[in-house]
There are 2 protein chains.
Amino acid sequence: MTVPPRRPLTLRDVSEASGVSEMTVSRVLRDKGDVSEATRARVKAAAKRLGYVPNRIAGSLASSRVNLVAVVIPSLKNMVFPEVLSGISETLAGTGLQPVVGVTDYLPEREEEVLFEMLSWRPSGVIVAGLEHSEASRAMLVRAGCPVVEIMDTDGDPIDACVGISHRRAGRTMAEAILEQGYRRIGFLGTKMPLDHRARKRFEGFTATLARAGIEIADREFYSGGSALAKGREMTRTLMARSPDLDFLYYSNDMIGAGGVLELAAQGVEVPGRVGLAGFNGVELLDGLPRQLATMDACRREIGQRAAAIVAGRVTDPDLARAATEELTPRLAWGDTLRRR
Amino acid sequence: MTVPPRRPLTLRDVSEASGVSEMTVSRVLRDKGDVSEATRARVKAAAKRLGYVPNRIAGSLASSRVNLVAVVIPSLKNMVFPEVLSGISETLAGTGLQPVVGVTDYLPEREEEVLFEMLSWRPSGVIVAGLEHSEASRAMLVRAGCPVVEIMDTDGDPIDACVGISHRRAGRTMAEAILEQGYRRIGFLGTKMPLDHRARKRFEGFTATLARAGIEIADREFYSGGSALAKGREMTRTLMARSPDLDFLYYSNDMIGAGGVLELAAQGVEVPGRVGLAGFNGVELLDGLPRQLATMDACRREIGQRAAAIVAGRVTDPDLARAATEELTPRLAWGDTLRRR
DNA sequence: CTGAAAGCGCTAACAC
DNA sequence: GTGTTAGCGCTTTCAG
């Protein structure tokens, strides 16, 4: 049996099925303007019976309103950005806005492509990770004609709005805590990613503070690839073998830091008596380790929520204050690998 | 100083700036049709100079082609779906297709809303987690007019294409391994989520296999909320206190299972001699724990990649084979918490 | 409260 | 190779 090749339904179909003009059908379906209860009911019934799904492409073209929000992030391979995205998604859920995700792999040229692609949908807002962009990307964002929220990081010049933490300050705060606890032979374990500006800024804030106290990083170890416990163990082993006199290890993220906790436990090294440890991110799913790693919360979910709220707010009321920077303050979680006095 | 309210640029602007007709400009910008090298260069230069970003809304309406792929998933709060999404995103990256993400929170009614929303963009494909949908959702998917790939799970009737693993079989396989190793007093620790059909199916496959050997789950413990090490520790403590004679603990995911590993280590319980353990998911970031938890890989990234490839393939060639189910085989990772003979 | 006309910015299908 | 003419399916605007 041959089914008539069902082209997608249009307003006209609903109009014919209900005997109401297209225009009025459109009004009912968008809850716009006054329509009598009777017609409203007929239209709704017809739309439902037919299984009509409106065509937003046509709608958006006609109204020049788009319910899409572009979200541009460097990666989905650890929990950081999914958590941000989750915050965005839940905050957007009530507003009728939809996130569209683009992943850049930390590559500026990919960011350019992804932005171009997304802006071609004329989204209602752009949420983009980081303050560092290629000139072309920056130009696109400046001329995007919609709110632009740069997230994660506040150390730099935002194009428009900005929500994040100061990674430089986070590095500084951790360095101060470490020094204050009397550690002096400090090792750093981190990622080999020149394009991860936030990791770089934390490192800069960290070393600058040490320098002010006349101290330099005593040794360091870098890696590439995903952050995982095993990687953290391996790096810790390597570093401690090479520089056995280190009394503190600062990790660029909690996953490898947790690996350090496990490795030192396995080696029977006293923590934090002999060696202190700290990470970064506040990965709560690691609570429950034998020792709780000292860390700093990066406020990921909240950043997502606030960024989404800014976009949603401006969509509702375009006259809202522009270009504000919301700097959140990550709190230091001492855990039990840092404090020794 | 007043800037002229820069309306977004149109093809016409590029046309005027380059002295080439709109149509030819359009051709150049889409790399379609034959255009002389000279005009092509002039158009490209003009577009670049102006910073022209095409309007895909108009383009899609005119061509009835949309480069969006709807991705509908239940959650972003653990690594499972971000990994799938990452697989989708990387496979789509080369194809010009863009993922649009919708999160349902495991609620059928949210799934309905999200699907309606997404289908209104007339996407080139839909990738949706799970085979269980409300009647309305199913109806929408059937009539979507684009490839529909249901992912994660193959136990059920797919609407169109399907990529995943059999969770029932995964539960069965694990049960067989556990029985074969001689365990008999088996406890289950899992999530209290009636709407997580995959967890339910694993549990069903698991208990059915035990039943065939005349064995019942000896005790069980459920929780709600995020999966985390601490939760796993706590549940393990509770369960072992209540039923100290258990000789095996089967966890519904690796995070809580890893908590179990840590808790039993802390209690000095011999693993797997006294108690064996297994989880589910193959969360590689947990490699590095004192003992490697037995688990089964859910093939998350690969599922995402294959689903995206199916969509991309059908977009390129609409006559491609339809409605195939790709069942992947999760491999059992024995780790060192399961084998005792 | 309802309807008719005119586009939104682009591309398909033809002419030239 | 390049230009012209009609729409895509909806919403805006204005008239009744």
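In what follows, every chain begins at residue 1, and chains take the letters A, B, ... in the order their sequences are listed. Keep in mind that this is a model prediction, so the values were computed, not measured.
More than 12 heavy atoms of other residues, nucleotides or ligands sit less than 6.0 Å from atom CZ of R30(A).
Judged as a side chain to side chain donor-acceptor pair (under 3.5 Å), and not counting sequence neighbours, the contacts of D155(A) are S166(A). Applying the side chain to side chain donor-acceptor pair (under 3.5 Å) test to Q98(A) and every residue at least two apart in sequence or in another chain returns nothing. For R122(B), there are no salt bridge (Lys or Arg N to Asp or Glu O under 4.0 Å) partners two or more places apart in sequence or in a different chain. Partners of S63(A) under the side chain to side chain contact (heavy atoms under 4.5 Å, CB included) rule, at least two apart in sequence or in another chain, are R65(A). In this structure, the side chain to side chain donor-acceptor pair (under 3.5 Å) partners of S21(B), at least two apart in sequence or on a different chain, are T24(B). Remark: D31(B) engages R40(B) in a salt bridge (Lys or Arg N to Asp or Glu O under 4.0 Å) (not counting sequence neighbours). When the side chain to side chain donor-acceptor pair (under 3.5 Å) test is applied to Q305(B), the partners found at least two apart in sequence or on another chain are E90(B). Every residue two or more places apart in sequence or in another chain that forms a salt bridge (Lys or Arg N to Asp or Glu O under 4.0 Å) with D13(A) is listed here: R7(A).
For DNA chain D, the neighbouring residues in residues 13-21 of chain B, judged by any heavy atom under 4.0 Å, are V20(B), S21(B). Taking a 4.0 Å limit (strictly below) on heavy-atom distances, residues 57-64 of chain B reaches DNA chain C at A58(B), G59(B), A62(B), S63(B).
The shortest distance between the side-chain N/O atoms of R40(B) and the OP1/OP2 oxygens of dT2(D) is not below 4.0 Å.
Within 4.0 Å (heavy atoms only), R65(B) reaches sugar-phosphate atoms of the nucleic acid but no base atom.
Under the salt bridge (Lys or Arg N to Asp or Glu O under 4.0 Å) criterion, the residue pairs touching residues 129-150 of chain A are E132(A)-K201(A), with sequence neighbours excluded.
Among the nucleotides dG9(D), dA12(C), dG9(C), the one closest to the side chain of N55(A) is dG9(D). Side-chain proximity of T24(A) to the nucleotides dC10(D), dA12(C), dG3(C) is greatest for dG3(C).
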What are the atom names and distances for every N/O pair under 3.5 Å that joins the protein to nucleotides 14-16 of chain D?
none

